[in-house]
Amino acid sequence: MGSQMITFKDRLKAAVLERLKPAFPVALEDLDLAPTPDPKMGDLALTFPFQLAKKLKKAPRAIAQEAAPLLAGIPGVAGTVVAGAGFLNLRLDRSAVLAETLRLAGRTDLAAEEGKIVIEHTNINPNKAAHIGHLRNACLGDTLARCLRYKGEPVEVQNYIDDTGVQVVDVVFGFMELEKRSLEDLERLPGRFDYYCWDLYARVSAYLAGHPEAQARKSEITKRIEHGQDPEYGLSRYVSRRIVRAHLATMARLGIGYDVLPCESTILHLKFWDRAFELLKERRAIYLAAEGDNKGCWVMRLEEDEEREKVIVRSDGTVTYVGKDIAYQLWKFGLLGRDFFYEPFSVENGRTLWISTAAPSNGGAPAFGRATKVYNVIDTRQAYLQKVVVQGLRALKYEAQAAQSVHFSYEMVALSPKSLDELGYAATDEEKERSFLEVSGRKGLGVKADDLLDRLEAKALAEIEKRDPDRPDADRRRTARDIATGALRYFMLKYARNSLIVFDFEEALSFEGETGPYLQYTAVRLAGIFRKLKERFGLGEADIRPPAGGALLIPPGLAEAEAADSWDLILTAASLEEEVLRSIAALELSHLAKFAFLLCQKLNGYYHKYPVLAEQDAGLRSFRLLVLKTVKDQLITALGLMGIQPPERM
RNA sequence: GUGCCUGUAGCUCAGCUGGAUAGAGCGUUGGACUCCGGAUCCAAAGGUCGGAGGUUCGAAUCCUCUCAGGCACGCCA
């Protein structure tokens, strides 16, 4: 069953309104169909009697009682229940609703609303290995992309590469000044290059803090990189490209991919900023400060605080981060009047990943950018800057695009004191006082993404070997990888985005309870039933269909307890599309995660109570199979949206 | 100082645009079918929803105040 619950509810609402209208002053928006706390009280609750009580000067319960008979005979409604202080609950006609939803199986209530959506996520500085904070960003961004695509939206995923930023400069400084290495040395450097740079970057940060005189050399490196002068330029390019490949490999382990990599170096070469600067000046979005602290700078007034201004161009003529970001945001909407060139960077599963270039190349790249809506997945600490960027659009009179610029903000991942010990980090006394510690690339403090994935895989492998020692090696490893991915992706999605995750190894490495592997295990058991169905009865999943001709679905004489359990399970499964829409609307992907978990909990309970293959009554057996098939399809879809792959066995 | 976020069971967190008896996982205690996989299921114990006012038929949810914690506010990115 696709979930036509949305259409069903809308139709139901309209029918209810039609019946009530002659007798009560109700509008469509007064009619919300909420779930009841207990199926015994009916399936869907109406609360309008409470709203009308004052207007009609009547008790809500009396209104509900008066209204109840009016709803008799609505298609799909089997009866009404007046409950509590004035709830009017609808009891649905289970067979009819089941038949209808199954009849429409495969159809969807979802429809695209945007011309094109650009999602920017991951955006890791290409100077060190990815860590758990980056994983949260990428998991959120990728899941959002999957949800929007499922809804039918055209989605383009961009991963911005800041390949000329200070962080890359620091690592180039380290290679040149601290290690005296040439480009050829780097090319021969074996092993995990991103890990090597992780340590080097921390060393450079410490060195620069202790050697202020080294700043001059650092500035020189920055300038030479900007002007394309070797060896600095070549080194920066080598470092950033090799590390981007490492990041892509890390994300590929999680099934996360991208469409295009816009690079800051290209933005500089193609003078995106110059064009944005012209626009900002033309439309008087910024002005040259004549006095005060910002004298000589081009600044923008802040909307919420007239007194304050944000520097966009420094007094030395260089542009700030926010300025560059405004140019990039304009480009995403196709408003800049300039464009990148592209060349293929890699091919993964037949999907080409493009990278921006300053010079025309072979072509063949799709038309990137030109979005009607943009999501920037960036942690909450950048909320202020994101606001300034949007304000920049508004100042340019791009009101519509400003309104369609969404900052998908989320809290950071921090480290628990316990995890600090495990990392062997020597915390200062001040740091020990804190309940958590921020991940810090400068200090070299953090849990590397690949290390975490390695540990998850090792643990999963150990579990598999314990349970099923005879499996072929390749099979075991593939399964361990799926489990590791499932565990990590669910972990990153289960928390609300405003919730600070204080990372703890024990929690992250758990495979029991509310975890990815629990969901995968549920799916695997379901698959097991259908595998055995084939073996024992010769029936494939495609053979599990509702009886033809709208015949009665629910076997006569089905025990009330089982009828209620089946109904509850089906109704839950059918709400997938609603949950996806709700997740997108609230930018709260934990809704989707919790939904999948709830569905699994209900399914596991059902699984325990009602045998399927062992059931002797053929009618009952096929009814249960139909229930399980329905749930299985929805569950697989939900897992897919979270990037979680259920293994064949586990 | 200003702005944003958070405070719910021993711990980690849910709680949809205010709706009925505040839920889950972990942990603790006690259980489970010669069963379709025990990475599962069932049960018990565990809560002044930080505090005080207010709005409402109804508040964990909205408003005000207050306490506690976090983050942001740069001619860094």
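Residue numbers start from 1 in every chain, and the chains themselves are labelled A, B, ... in the order their sequence lines are given, proteins ahead of strands.
Between the side chain of A/Thr515 and the backbone N or O of A/Tyr518 there is at least one donor-acceptor pair closer than 3.5 Å. No donor-acceptor pair under 3.5 Å is formed between the side chain of A/Arg489 and the backbone N or O of A/Ile644. Side-chain atoms of A/Glu120 never come within 3.5 Å of backbone atoms of A/Asn159 as a donor-acceptor pair (strictly under, hydrogens ignored).
Within the 4.5 Å cutoff, side-chain heavy atoms of A/Val169 are placed close to those of A/Lys218.
Counting non-hydrogen atoms under 4.0 angstrom, A/Asp293 reaches a base of the nucleic acid. In this structure, A/Ala586 reaches neither bases nor backbone, as no heavy-atom distance under 4.0 Å exists between it and the strands shown. Using a 4.0 Å heavy-atom criterion, one finds that A/Lys494 contacts no nucleic acid atom at all. Looking at heavy-atom distances under 4.0 Å, A/Phe50 makes contact with a base. Residue A/Ala496 is in sugar-phosphate contact alone, with no base atom involved, counting any heavy-atom pair closer than 4.0 Å across all strands shown.
Among the nucleotides B/C13, B/C75, B/G19, the one closest to the side chain of A/Ser315 is B/C75. Taking only side-chain atoms of A/Thr320, from C-beta outward, the nucleotide of B/C75, B/C57, B/G70 with the closest atom is B/C75. For A/Glu438, whose side chain is taken as the heavy atoms from C-beta onward, the closest listed nucleotide among B/A20, B/C71, B/A77 is B/C71. Among B/C16, B/G70, B/C75, the nucleotide with an atom closest to any side-chain atom of A/Pro35 is B/C16. With distances taken from any side-chain atom of A/Arg434 to the nucleotides B/A20, B/A77, B/C71, the minimum falls on B/C71.
More than 12 heavy atoms of other shown residues, nucleotides or ligands fall within 6.0 angstrom of atom CG in A/Asp316.
Counting only N and O atoms by type, the side chains of A/Gln329 and A/Asn376 include a donor and acceptor under 3.5 Å apart. With no hydrogens or angles considered, no side-chain donor-acceptor pair links A/Glu411 and A/Ser499 at under 3.5 Å.
Between the P atoms of B/U40 and B/C26, the separation comes to 7 Å (whole Å). Separation of the C1' atoms belonging to B/A22 and B/C5 is 23 Å when rounded to the nearest angstrom. When the P atom is compared between B/G51 and B/A59, the two are found 15 Å apart, to the nearest whole Å. B/G70 and B/G58 are spaced 33 Å apart, taking the C1' atom of each and rounding to whole Å. Taking the P atom of each, B/C65 and B/G3 are spaced 10 Å apart, rounded to whole Å. Rounded to whole Å, the separation between the C1' atoms of B/U48 and B/G7 comes to 15 Å. Going from the P atom of B/A9 to that of B/A14 covers 13 Å, rounded to whole Å. Comparing B/G47 with B/G23, their C1' atoms are spaced 11 Å from each other, to the whole Å.
A 3.5 Å limit on both hydrogen-bonding distances identifies B/U6 as the Watson-Crick or G-U partner of B/A68. As the counterpart of B/C75, no nucleotide is assigned, since no Watson-Crick or G-U wobble pattern has both distances under 3.5 Å. Applying the Watson-Crick and G-U wobble criteria (two distances, each under 3.5 Å), B/A60 pairs with nothing in any strand. Pairing for B/A43 is with B/U29, a Watson-Crick or G-U wobble pair whose two hydrogen-bonding atom distances lie under 3.5 Å. Using Watson-Crick or G-U wobble geometry with both donor-acceptor distances under 3.5 Å, B/C36 finds no partner in any strand shown. Across every strand in view, B/G23 sits in a pair with B/C13 that passes the Watson-Crick or G-U test at under 3.5 angstrom.
Toward the 5′ end of RNA chain B lies the nearest nucleotide of A/Lys54, the other residue of the pair A/Asp316 and A/Lys54 mapping further downstream. Map A/Lys295 and A/Met41 each onto its nearest nucleotide of RNA chain B; the residue landing nearer the 5' end is A/Met41.
The one candidate from A/Phe272, A/Tyr160, A/Tyr321, A/Trp273 that meets the ring-ring contact (aromatic ring centres under 6.0 Å, His included) condition with A/Tyr328 is A/Tyr160. Each of A/Val502, A/Ile501, A/Leu500 was checked for a side chain to side chain contact (heavy atoms under 4.5 Å, CB included) with A/Met412, and the lone residue meeting it is A/Leu500.
Not a single donor-acceptor pair, N or O on each side, falls under 3.5 Å between the base of B/G25 and the side chain of A/Glu507. For A/Asn89 against B/A20, a side-chain-to-base donor-acceptor contact under 3.5 Å is present.
The side chain of A/Asn498 contributes an N or O atom lying less than 4.0 Å from OP1 or OP2 of B/U6. OP1 and OP2 of B/A77 both lie 4.0 Å or more from every side-chain N or O belonging to A/Arg381. Distances shorter than 4.0 Å separate none of the side-chain N or O atoms of A/Lys324 from OP1 or OP2 on B/A77.
Remark: P of B/U6 and CD of A/Glu588 are 10 Å apart, rounded to the nearest angstrom. Straight-line distance from the CZ atom of A/Phe597 to the P atom of B/U12: 18 Å, rounded to whole Å. Rounded to whole Å, atom C1' of B/C11 lies 15 Å from atom CD of A/Glu514. Rounded to an integer number of Å, the gap from A/Leu385 CG to B/C75 C1' is 14 Å.
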When you check every protein heavy atom under 4.0 Å of nucleotides 29-41 of chain B, what one-letter string (B, S, -) results, 5' to 3'? ----B--BBSBBS
Show your working on ring pair (Phe, Tyr, Trp, His ring centres under 6.0 Å) between A/Phe87 and A/Phe50 and close with a plain yes or no. CA-CA 8 Å; A/Phe87 292 94; A/Phe50 293 105; 4.9 Å; yes
